[in-house]
Amino acid sequence: MRITAVNPASSHEYESFAMQSISRRQFLASTAAAGAASVVLPLISSRATQAAASSIIRAETRVIDVAGRAAKVFGLVQSDGTHGLTLSADDGFRLRLENALNAPTLIHWHGLTPPFGQDGVPDLPQPLLQPGQSYDYSFPIATPGTHWMHAHTLQEQQLLAAPLIISDPAEQGADEQPVVVLFHDFSFKTPEELLIGLTGSAPATGNGGMAGHSMSGMDMQGMSGGQGMVMPMDVNDIQYDAYLANDRTLDDPQVFAVERNGTVRLRLINGATATAFWIDTGSIEGEAIAVDGNPVTPVRGRRFPLAMGQRIDIRLRIPDEAGAWPVLALREGGVERTGFVLATRGGAVKRIASVGDQASAALDLRCESILIAAKPLVVTPADRNQPIEIGGTMQGYSWTLNGKTWGNHQPIPARKGERIELTLRNASMMGHPMHLHGHHFQVVAIDGRRFAGAVRDTVWVPPMREVTVAFDAANPGTWAFHCHHLYHMATGMMTVVEYTA
């Protein structure tokens, strides 16, 4: 459904909506704290203060409101209670990760290119942090932009993820308001229960750090729609209880105060484990100016694809009038949606249904095919061409790369200094967001058509399509390459790029 601007009303309407949301959530926090010794923590501010050169982030438990019901989840929290982190590229990445959970964990810095050993993937080569342990990270930041951080285990499903914004000193003074939003899919079931529902068996341990843990004491109930193939061509395989934008549903969306005739930079992150979205900017036409933290030649539109693990920066010009404008994330192939609202003083914020009138389309490559990198790789022939066949079926729920699952995987060889091209051919009936650690790649061909596409770290490959990406082997180590659908990765769709002498 196309969203249109809401007519302006009094500032009292806007302020009363916000006050009602705050008081209800504060009440939830206090009552949940009495039973679970937890508190609701604020999300990263839309005007986040830059963190100090040396920062602390803590993995801990928190309580959020999901459609009027308390849910105990995880979070990545600064000492001041801010969920998420903003750093300056000039300061580098100097951070202490503390594990305040009652289970082992580790955090991956998605979008950054750290030296080998600081990437946050269990056993590649860093071990999981045990409860009470901490680890100090220190490396330069090569890629400012919109990134995020998350567990590389099933804990990601329990919202152990947060924005990681790297500000670019070259953009200081830009007259635009940042709005940071992390999307997620949510279930009151544990990720282990979800995985059993897909595979018929419990997750195995030692699967690339994928075997998570149960959150004992949580109030878990069944999913509203069950599991299994719910769309032709396997568009979605889990029906979640809710879809979140900064931990909130459309029953109680976050409202960002914006200025009339002001410029807003949406920094949008798809942190969902198994859900791709269409971003719908409604009546305000936007322009995509960056993907996965890398600038692109601006592309104008009102609907943009966002696969799991991907990020997109969209610049909007707010109309010179009082009003409220929803920005929605539409679930691929479904009627469900989440989102947030941009509102001026005096703008009337109206309720928005969490389901639309008709199902959205499956994600495709139309937008990808017109994205052009603002800072492309130097044009040079590939030293190594590696075909990757993406395979698997819902029957048996086994997902493969070149016919192999993790543990029996075929590493992708690399030598420092090589230009490597990976030709990703999806022979399955489900789309896959393919993510490479430790590097950024450029999309250089779609179905054999060559072009200077976007620089990314995660690319969407629809069923029966072919995408070729190129990267420079400049960061020696052993780097994960996998599908960013959590349950595809957990059941085998992962290998490594392995540097050789």
Side-chain angles (χ1 to χ4, degrees), residues 1-26 42-49 65 67 146 163 165 171 173-183 243-269 277-290 298-304 306 312-330 337-357:
M1 181 179 72
R2 184 63 61 193
I3 303 302
T4 57
V6 179
N7 291 329
S10 67
S11 60
H12 174 72
E13 284 185 77
Y14 169 70
E15 291 166 356
S16 65
F17 177 91
M19 288 301 295
Q20 289 171 3
S21 299
I22 291 170
S23 60
R24 181 166 71 89
R25 296 172 75 85
Q26 287 175 338
L43 280 150
I44 188 168
S45 169
S46 62
R47 294 187 180 273
T49 303
D65 169 14
T146 303
I165 307 303
E171 297 178 352
D175 187 19
E176 58 185 21
Q177 175 185 348
V179 170
V180 180
V181 178
L182 175 71
F183 299 108
Y243 300 87
L244 309 178
N246 283 356
D247 289 348
R248 299 165 80 150
T249 67
L250 283 173
D251 294 324
D252 178 25
Q254 186 166 4
V255 179
F256 293 92
V258 296
E259 299 295 327
R260 293 169 52 155
N261 203 34
T263 300
V264 173
R265 180 175 185 148
L266 304 180
R267 293 182 177 269
L268 307 181
I269 305 160
F277 294 105
W278 289 98
I279 303 302
D280 191 325
T281 62
S283 63
I284 304 180
E285 186 179 55
E287 57 178 10
I289 57 174
V299 173
R300 299 195 65 82
R302 288 184 170 85
R303 188 167 289 191
F304 302 91
L306 193 63
I312 188 169
D313 290 25
I314 303 173
R315 183 177 286 135
L316 301 177
R317 171 69 73 173
I318 302 300
D320 190 11
E321 61 187 57
W325 295 272
V327 176
L328 299 181
L330 314 176
R337 58 192 184 181
T338 187
F340 56 94
V341 179
L342 307 174
T344 64
R345 180 169 293 276
V349 179
K350 295 187 176 180
R351 296 290 178 182
I352 307 166
S354 59
V355 295
D357 295 331

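Atom set for the values below is all heavy atoms of this structure, side chains included, hydrogens, waters and symmetry mates excluded.
Annotation for T338 and A245: closest pair OG1-N, 3.3 Å, computed over non-hydrogen atoms. Residue G301 comes nearest to T281 through the heavy atom pair O-OG1, 3.9 Å, listed as atom of the first residue, atom of the second, then distance. The two residues R303 and W278 have their closest heavy-atom pair at CG-CE3, 3.6 Å. Closest non-hydrogen pair, P253 versus G339, comes out as CB-O, 3.9 Å. Minimum interatomic distance between R300 and E287 (heavy atoms only, all atoms of both residues): NH1-OE1, 3.4 Å. Taking every heavy atom of both residues into account, L250 and S354 meet most closely at CD1-CA, 4.1 Å.
We find the OG1-CD1 distance between T344 and I318 to be 8.5 Å, quoted to the nearest 0.5 Å. Atoms CG and CZ, on L328 and R337 in that order, are 5.5 Å from each other to the nearest 0.5 Å. Within the model, atoms CG of D175 and OG1 of T263 stand 6.0 Å from one another, a figure rounded to the nearest 0.5 Å. Rounding to the nearest 0.5 angstrom, the gap separating the CG atom in N261 from the CZ atom in R317 is 5.0 Å. Taking CD of Q177 as the start and CG of L316 as the end, the distance is 10.5 Å to the nearest 0.5 Å. A distance of 8.5 Å separates CG of D313 from CG of L266, quoted to the nearest 0.5 Å.
In this structure a side-chain-to-backbone donor-acceptor pair under 3.5 Å is missing from R345 to A322. In this structure a side-chain-to-backbone donor-acceptor pair under 3.5 Å is missing from R267 to V181. One N or O on the side chain of N246 and one on the backbone of V180 form a donor-acceptor pair closer than 3.5 Å.
With a 4.5 Å cut-off on side-chain heavy atoms, L268 and F277 do not count as touching. At least one side-chain heavy atom of F183 sits under 4.5 Å from a side-chain heavy atom of L306. When side chains are defined from C-beta on, V264 does not count as touching F256, because their heavy atoms never get closer than 4.5 Å. Put simply, the side chain of V327 does not reach to within 4.5 Å of the side chain of I314, judged on heavy atoms.
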